[in-house]
Amino acid sequence: MPENSSSFFEKVYEVTGRIPYGRVTSYGAIAKYLASSGSARMVGWALNASHSRDDVPAHRVVNRVGLLSGKHHFQGSNLMQQLLESEGIQVIENKIVDFQKHFWLPE
DNA sequence: ATTCTGACGTGGG
DNA sequence: CCCCACGCCAGAA
């Protein structure tokens with residue numbers, strides 16, 4: 001609802017919040033959707049600040065190969081993986097199985 | 001103002 | 001398959 005998001009962060013939260021249950025996307029995809037640019041790093045940065053928000057499923061955002069690059073930033077050592085698996089997503093060696101199959105592109 | 005740092009991505013060797 | 005260099009840009013020191 002707040003398209004008045006003055007911050008880049010707000011936009012990232014907004015899009016991330018739209019990721020359907022059991023689906024995942026990449027930082028680059030979000031960055032492209034927002035800025036049509038390769039500012040994927042900013043997306044990860046923004047998600048870093050999403051800690052206070054529980055409405056931002058950051059665990060559904062991984063890098064372009066489906067690797068859980070940010071799992072180290074979650075509370076537990078494997079919380080991110082648990083969350084994904086609890087949504088029916090298979091994760092092996094910090095990597096999502098059939099990543100492309102679960103991939104979701106921002107609309 | 002300058003410098004450094006990233007939850008990334010692409011391209012080349 | 002692996003490793004490296006560059007681009008990208010918001011924020012902290």
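The shown structure was predicted, so the numbers you read here are calculated from the model rather than taken from an experiment.
- Going from atom CD of A:E85 over to atom CD1 of A:I96 covers 10.0 Å, rounded to the nearest 0.5 Å.
- For DNA chain B, none of the residues of residues 94-107 of chain A falls under the heavy-atom distance limit of 4.0 Å.
- How far CG of A:N78 is from CG of A:L84: 11.0 Å, rounded to the nearest 0.5 Å.
- Distance, A:Y13 OH to C:dA10 C1': 12 Å, rounded to whole Å.
- With values rounded to the nearest 0.5 angstrom, A:E93 atom CD is found 11.0 Å from A:L68 atom CG.
- Between A:Y33 and A:V15 the shortest heavy-atom distance is CE2-CG2, 3.6 Å.
- In this structure, A:K32 NZ and A:I30 CD1 are separated by 14.0 Å, a value rounded to the nearest 0.5 Å.
- Between the side chain of A:S26 and the main chain of A:A29, a donor-acceptor pair closer than 3.5 Å is present.
- Annotation: the span from A:S86 atom OG to A:Q81 atom CD amounts to 11.0 Å, rounded to 0.5 Å.
- Within a 6.0 Å sphere centred on CD of A:Q90, other residues, nucleotides and ligands contribute 12 heavy atoms or fewer.
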For nucleotides 7-13 of chain B, read 5' to 3', which letter fits each nucleotide if B means a protein heavy atom sits under 4.0 Å from the base, S means only the sugar-phosphate is that close, and - means neither?
-> BBSB---

